[in-house]
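Written below as structure tokens is the structure these notes are about.
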Number of protein chains: 2
Amino acid sequence: MDSEQKKYSIGFRVWIKEENGHYLGRGRITLLEQIKTNGSITKAAKAMQMSYRQAWQMVEDMNKLSNNILVEKILGGKGGGGAKLTKAGEEAIEIFYLLEEKIKNYTEKLSKEINL
Amino acid sequence: MDSEQKKYSIGFRVWIKEENGHYLGRGRITLLEQIKTNGSITKAAKAMQMSYRQAWQMVEDMNKLSNNILVEKILGGKGGGGAKLTKAGEEAIEIFYLLEEKIKNYTEKLSKEINL
DNA sequence: TTTGGATATGCTTTATAAAGCATATCGATA
DNA sequence: TATCGATATGCTTTATAAAGCATATCCAAA
């Protein structure tokens with residue numbers, strides 16, 4: 001009847017803030033996953049084509065804003081060192097995914113109601 | 001009992017996509033409002049410290065992706081011309097605010113459930 | 001006590017999105 | 001038909017976040 005022809009959908013980004021700054025977003029969660037997989041910040045950064053500089057800074061920021069650090073640094077050792085996720089780090093990933101998922105479902109529901 | 005001390009909240013951004021690209025987000029809605037207030041793209045851009053170039057491009061993009069244009073351009077006339085919102089433009093603002101509001105409420109609800 | 005590969009960090013370079021500049025064009029009004 | 005302040009658009013410059021480079025430091029293991 002009317003001339004609606006274009007199709008619209010809803011996009012979103014979500015993140016968790018702490019009083020002193022950005023805490024967790026998509027990028028940081030991906031970094032955590034890569035650290036988990038690769039066992040070091042260096043390798044994680046390389047894997048996601050990010051500079052070590054930035055990856056290291058992200059880890060630093062996250063750890064500062066968390067109640068319990070998410071990434072544990074290992075200096076020395078037979079491999080020269082590395083980094084691994086703490087329990088809190090693993091949980092952070094879970095929590096963030098759940099959050100994202102819920103909002104995704106909600107926006108999909110909303111997009112059906114919207115009439116542009 | 002446990003050592004939870006930091007306070008977390010959820011931040012988000014939402015936008016409306018059309019198949020051929022980004023359609024409406026915070027920035028564009030603000031621009032629409034400024035055009036409504038100021039009656040021209042030039043003045044709207046100035047008011048929000050945005051370059052005319054960019055503001056004009058945004059209007060162009062929005063109009064291309066909408067079923068009915070959101071901004072009507074006026075060339076010539078006693079003031080030399082200007083721009084004003086169409087009915088669809090006014091509605092777009094309403095719809096976007098409603099969308100943002102609903103998601104805001106939902107994230108606030110979710111933030112209470114989250115335990116970091 | 002040497003080795004190794006990682007963490008840690010200052011400094012320089014680069015990439016690119018945004019801004020800025022210049023100028024042509026538009027057309028209702030008076 | 002001259003005017004006016006806006007729209008329209010190519011081209012150049014700038015700002016700045018990200019990347020890249022260089023190098024010092026760390027310490028468990030062998």
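Please read all numbers here as calculations on a predicted model, not as lab measurements. Protein chains get the first letters and strands the later ones, always in sequence-line order, with residue 1 at the start of each. Any value given below was found using the heavy atoms of this structure, including those in side chains, with hydrogens, waters and symmetry copies removed.
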>> Quick check on the hydrophobic clustering: are B:Ile93 and B:Tyr23 connected, directly or via other members, by side-chain heavy-atom contacts under 4.5 Å?
In response: yes

>> Hydrophobic clustering (ILVMFWY, side-chain heavy atoms < 4.5 Å, transitive) - are B:Leu75 and B:Leu85 grouped together?
In response: no

Using whole Å, what does the distance between atom [atom2] of nucleotide [N] and atom [atom1] of [X] come to?
X: A:Met48; N: D:dA18; atom1: CE; atom2: C1'; value: 14 Å
X: B:Gln57; N: D:dT7; atom1: CD; atom2: P; value: 14 Å
X: B:Lys64; N: D:dA8; atom1: NZ; atom2: P; value: 10 Å
X: A:Leu75; N: D:dA28; atom1: CG; atom2: C1'; value: 10 Å
X: A:Met58; N: D:dA17; atom1: CE; atom2: C1'; value: 12 Å
X: A:Glu72; N: C:dT7; atom1: CD; atom2: P; value: 12 Å
X: B:Gln54; N: C:dC21; atom1: CD; atom2: P; value: 16 Å
X: A:Tyr52; N: C:dG10; atom1: OH; atom2: C1'; value: 14 Å

> Is the shortest side-chain N/O distance from B:Trp56 to OP1 or OP2 of D:dA8 below 4.0 Å?
Replying inline: yes

> Using a cut-off of less than 4.0 Å, is there contact between a side-chain N or O of A:Lys73 and OP1 or OP2 of C:dA6?
Replying inline: no

>> The side chain of A:Arg53 is closest to which nucleotide in this list: C:dC11, D:dT7, C:dA19?
In response: C:dC11

> Where the side chain of A:Glu60 is concerned, which of C:dA18, D:dT7, C:dA8 is the nearest nucleotide?
Replying inline: C:dA8

>> If we count only N and O atoms by modelled type, under 3.5 Å, do the side chains of A:Glu33 and A:Tyr97 hold a donor and an acceptor together?
In response: yes

> Roughly how far apart are B:Lys6 NZ and A:Asn68 CG, rounded to 0.5 Å?
Replying inline: 10.0 Å

>> By nearest heavy atom, map A:Gly80 and A:Gln49 onto DNA chain D; which one lands nearer the 5' end?
In response: A:Gln49

> Between residues 27-47 of chain A and DNA chain C, which residues have a heavy-atom gap below 4.0 Å?
Replying inline: A:Ser40, A:Ile41, A:Thr42, A:Lys43

>> Is there a side-chain contact between B:Leu98 and B:Glu94 in this structure, where contact means two heavy atoms from C-beta onward sitting under 4.5 Å apart?
In response: no

> Under a 4.0 Å N-O cut-off, is there an ion pair linking A:Arg26 with A:Glu100?
Replying inline: yes

>> Can you confirm whether more than 12 heavy atoms, excluding those of A:Lys73, are under 6.0 Å from its NZ atom?
In response: yes

